*Asks:* 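Supplied in structure tokens, the structure appears directly below.
All figures in this text were calculated on a predicted structure; none of them were measured in a lab.
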Amino acid sequence: MRVLGLVPARGGSKGVPRKNIQLLASRPLLHYTAVCAFAASRLSKVVLSTDDTIIARVGKEYGLDVPFLRPSELAQDDTPMLPVVQHAIAYLEQQGEYFDAICLLQPTSPLRMPADIDACIELLEESGADAVVSVGLVPAKFNPHWTYFQDQSGCLRLSTGEQDPISRRQALPQAFYRDGSIFVTRRDICMEENSLYGRRVVGHLSQGPANPDIDTLEDWEQVQRLLEESRFEVMGLESHT
């Protein structure tokens, strides 16, 4: 299976200005995803999709392939990820490069592990699923069987739609949240079905440290603390030049 590693890194950002190349523990945020992608063994090619020439230059310094600059209309605050992925696939196919699947690696998840990338790709092959996403475990107190929505009358309704909650923690089924660090989708699901997920999605439980998605300055500070505590060395990643 040929798998394209795609790193989307646009120039604009409201939460943390130009965050993709801001220094996080003395290295640009983009560095961590580039190093992880090259440490994985199952990616056939790793491409950076950006609209920003400075980000493109930094990406090239870390070995990322930058065959195009993303059109500005695909780099807006409200741009969905699917057309960004489709643009990259279409461009590469016009150049004669074809892939069976696309592995989306967003720079805002800098603590992912190479082994998790490989495991997601292997799970896609073995399961026959349309897509694989990396997930984390939902703590029991946030389990859907114990969480509520408030209806228009002000009454609380279980998010599962059931009348009564499960009474014992031990009886709760495991629940998962999509951690956002790895998406692997078959090429035809993206291009023919216009989806990053398809109809059959399976999850891979990430084995590394908690991988916060950096969206705000508070998130940035949290990851900064983790890196300063040398958590990143535990992952065994070396610089790629």
*Asks:* Any side-chain heavy-atom pair from Leu105 and Leu6 closer than 4.5 angstrom?
*Replies:* no

*Asks:* Would you tell me whether Gln86 and Asn194 have side-chain atoms, one donor and one acceptor, within less than 3.5 Å of each other?
*Replies:* yes

*Asks:* Is the closest side-chain donor-acceptor distance between Asp116 and Ser134 under 3.5 Å?
*Replies:* no

*Asks:* Determine yes or no for a side-chain-to-main-chain donor-acceptor pair under 3.5 angstrom, with Lys60 supplying the side chain and Ile55 the backbone.
*Replies:*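 Side chain of Lys60 to backbone of Ile55: no pair is present.
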
*Asks:* Report the distance from atom CG of Asn143 to atom NE2 of His145, rounding to the nearest 0.5 Å.
*Replies:* 5.5 Å

*Asks:* Does the side chain of Thr79 come under 3.5 Å of the side chain of Arg10 through a donor N or O and an acceptor N or O?
*Replies:*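 Side chains of Thr79 and Arg10: no pair found under 3.5 Å.
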
*Asks:* Output, in order, the C-alpha distance, side-chain angles, deciding distance and verdict of side-chain contact (heavy atoms from CB on, under 4.5 Å) for Gln150 and Tyr148.
*Replies:* CA-CA 7 Å; Gln150 189 175 55; Tyr148 294 81; over 6 Å; no

*Asks:* Answer whether the closest heavy-atom distance between the side chains of Pro28 and Tyr62 falls below 4.5 Å.
*Replies:*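 With C-beta onward as the side chain, the pair touches.
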
*Asks:* Would Arg2 and Phe99 count as a cation-pi pair here, with the cationic atom under 6.0 angstrom from the ring centre and within 45° of the axis?
*Replies:* yes

*Asks:* If only side-chain N and O atoms count, and only distance matters, is there a donor-acceptor pair under 3.5 Å linking Ser195 with Glu193?
*Replies:*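 Not at all, the side chains of Glu193 and Ser195 share no donor-acceptor pair under 3.5 Å.
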
*Asks:* Is it the case that the side chain of Gln22 and the backbone of Asn20 share a donor-acceptor pair, with hydrogens and angles ignored and the cut-off at 3.5 Å?
*Replies:*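 Side chain of Gln22 to backbone of Asn20: no pair is present.
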
*Asks:* Tell me, do Leu43 and Ile117 make a side-chain contact under 4.5 Å, heavy atoms counted?
*Replies:*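 Leu43 reaches Ile117 side chain to side chain.
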
*Asks:* Given side chains that start at C-beta, do those of Ser181 and Pro110 come closer than 4.5 Å, heavy atoms only?
*Replies:*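 No, every pair of side-chain atoms sits at 4.5 Å or beyond.
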
*Asks:* Answer with yes or no whether the hydrophobic clustering places Ile54 together with Leu30; edges join I, L, V, M, F, W, Y residues whose side-chain heavy atoms lie under 4.5 Å apart.
*Replies:*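 Yes, because Ile54 and Leu30 connect within a single hydrophobic cluster, where side-chain heavy atoms sit under 4.5 Å apart.
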
*Asks:* Check Val184 against Cys120 and note the closest heavy-atom contact, atom names and distance.
*Replies:*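 Heavy atoms only, the tightest pair is CG2-CB, 3.8 Å.
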
*Asks:* Would you say Met81 and Val7 are hydrophobically clustered, going by side-chain heavy atoms of ILVMFWY under 4.5 Å?
*Replies:*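 Result: no, two separate clusters.
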
*Asks:* Using a distance-only test with no angle check, is there a side-chain donor-acceptor pair under 3.5 angstrom linking Asp179 and Ser206?
*Replies:* yes

*Asks:* Should Arg157 and Asp151 count as an ion pair when the cut-off is N to O under 4.0 Å?
*Replies:*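 Salt bridge: yes.
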
*Asks:* With a 3.5 Å cut-off and no angle check, do the side chains of Arg178 and Tyr197 form a donor-acceptor pair?
*Replies:*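 Arg178 vs Tyr197: donor-acceptor pair found between side chains.
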
*Asks:* At what distance, to the nearest 0.5 angstrom, does CG of Leu158 lie from CD1 of Ile166?
*Replies:*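 Here the rounded value is 9.0 Å.
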
*Asks:* Quick one: CZ on Arg200 to CD1 on Ile189, what's the gap to the nearest 0.5 Å?
*Replies:*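 Rounded to the nearest 0.5 Å, the CZ-CD1 separation comes to 11.5 Å.
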
*Asks:* Among His204, Arg186, Arg42, whose side chain to side chain contact (heavy atoms under 4.5 Å, CB included) with Leu124 holds?
*Replies:*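 By the side chain to side chain contact (heavy atoms under 4.5 Å, CB included) criterion, Leu124 pairs with just one of His204, Arg186, Arg42: Arg186.
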
*Asks:* Do other residues, nucleotides or ligands put more than 12 heavy atoms under 6.0 Å from the CD atom of Gln163?
*Replies:* no

*Asks:* Supply the atom-to-atom distance Leu64 CG to Lys45 NZ, rounded to the nearest 0.5 angstrom.
*Replies:* 11.0 Å

*Asks:* side-chain contact (heavy atoms from CB on, under 4.5 Å), that's the test. Do Leu123 and Val202 meet it? Break it down for me.
*Replies:* CA-CA 8 Å; Leu123 183 56; Val202 296; 3.9 Å; yes

*Asks:* Verify the cluster assignment for Leu82 and Phe68: are they in a single hydrophobic cluster under the rule of side-chain heavy atoms below 4.5 Å apart?
*Replies:*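 Same cluster: Leu82 reaches Phe68 through Ile, Leu, Val, Met, Phe, Trp or Tyr contacts under 4.5 Å.
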
*Asks:* Using side-chain heavy atoms (C-beta onward) and a distance below 4.5 Å, is Val58 in contact with His31?
*Replies:* no

*Asks:* Kindly say whether Ala115 contributes a backbone atom to a donor-acceptor pair with the side chain of Asp118 at under 3.5 angstrom?
*Replies:* no

*Asks:* Within the structure provided, determine whether Asp215 and Trp220 are in side-chain contact (heavy-atom separation under 4.5 Å).
*Replies:*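 No. Closest side-chain heavy atoms not under 4.5 Å.
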
*Asks:* Rounded to the nearest 0.5 Å, what separates atom CG in Leu196 from atom SG in Cys190?
*Replies:*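 Going from CG on Leu196 over to SG on Cys190, the span is 5.0 Å.
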
*Asks:* Is there a path from Leu104 to Leu4 through hydrophobic residues (I, L, V, M, F, W, Y) whose side chains come within less than 4.5 Å of each other?
*Replies:* yes

*Asks:* Do Glu192 and Arg187 touch side chain to side chain, with heavy atoms closer than 4.5 Å?
*Replies:* yes

*Asks:* Do Leu48 and Ile102 land in one hydrophobic cluster if side-chain heavy atoms of ILVMFWY residues count as linked below 4.5 Å?
*Replies:*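 No, because Leu48 and Ile102 fall into different hydrophobic clusters, even though each may have its own neighbours under 4.5 Å.
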
*Asks:* Quick one: pull up CG in Leu74 and OG in Ser49 and give me the separation to the nearest 0.5 Å.
*Replies:*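 Those atoms lie 8.0 Å apart.
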
*Asks:* With heavy-atom distances below 4.5 Å as the criterion, would you say the side chains of Asp51 and Leu69 are in contact?
*Replies:* no

